[in-house]
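So the structure is just underneath, and the comments pick up after that.
In what follows, residues are counted from 1 in the order of the sequence shown. Please read all numbers here as calculations on a predicted model, not as lab measurements.
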Amino acid sequence: MKKKKQGKSNNQAEEKATLKDTLNASVLEQLKKKQQQLKTEEEEKKAAAEQRKREERRQREKNKSFEELLNESSMDWKKFK
């Protein structure tokens, strides 16, 4: 049983190494460039979404009525009557 388990783990290690070794350097470089490009695009999407959320939040604050602003205030206005 031990020999079977070791054989499987060795075989898997060889498969992983051979996949990388069998790829051409140019193909590997293209994959790395594509990975970097996708990572950059994902970061840009996150930044754009965050900017859009901030803008929406700003617009909601801008369009609030006096009653909404008064209800959100933490001050106790009854003390100042």
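Listed by first then second residue, pairs satisfying salt bridge (Lys or Arg N to Asp or Glu O under 4.0 Å) with a partner in residues 63-74 read Glu61-Lys64, Lys64-Glu72, not counting sequence neighbours.
Side-chain contact between Glu50 and Arg54 is present, with heavy atoms from C-beta onward closer than 4.5 Å.
For Arg52, the side chain to side chain donor-acceptor pair (under 3.5 Å) partners two or more places apart in sequence, or in a different chain, are Glu56.
With 3.5 Å as the limit, one finds no donor-acceptor pair spanning the side chains of Glu55 and Gln51.
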For residues 29-44, which side-chain donor-acceptor pairs fall under 3.5 Å, sequence neighbours excluded?
{"from": "Gln37", "atom 1": "NE2", "to": "Glu41", "atom 2": "OE2", "distance (Å)": "3.4"}
{"from": "Thr40", "atom 1": "OG1", "to": "Gln36", "atom 2": "O", "distance (Å)": "2.9"}

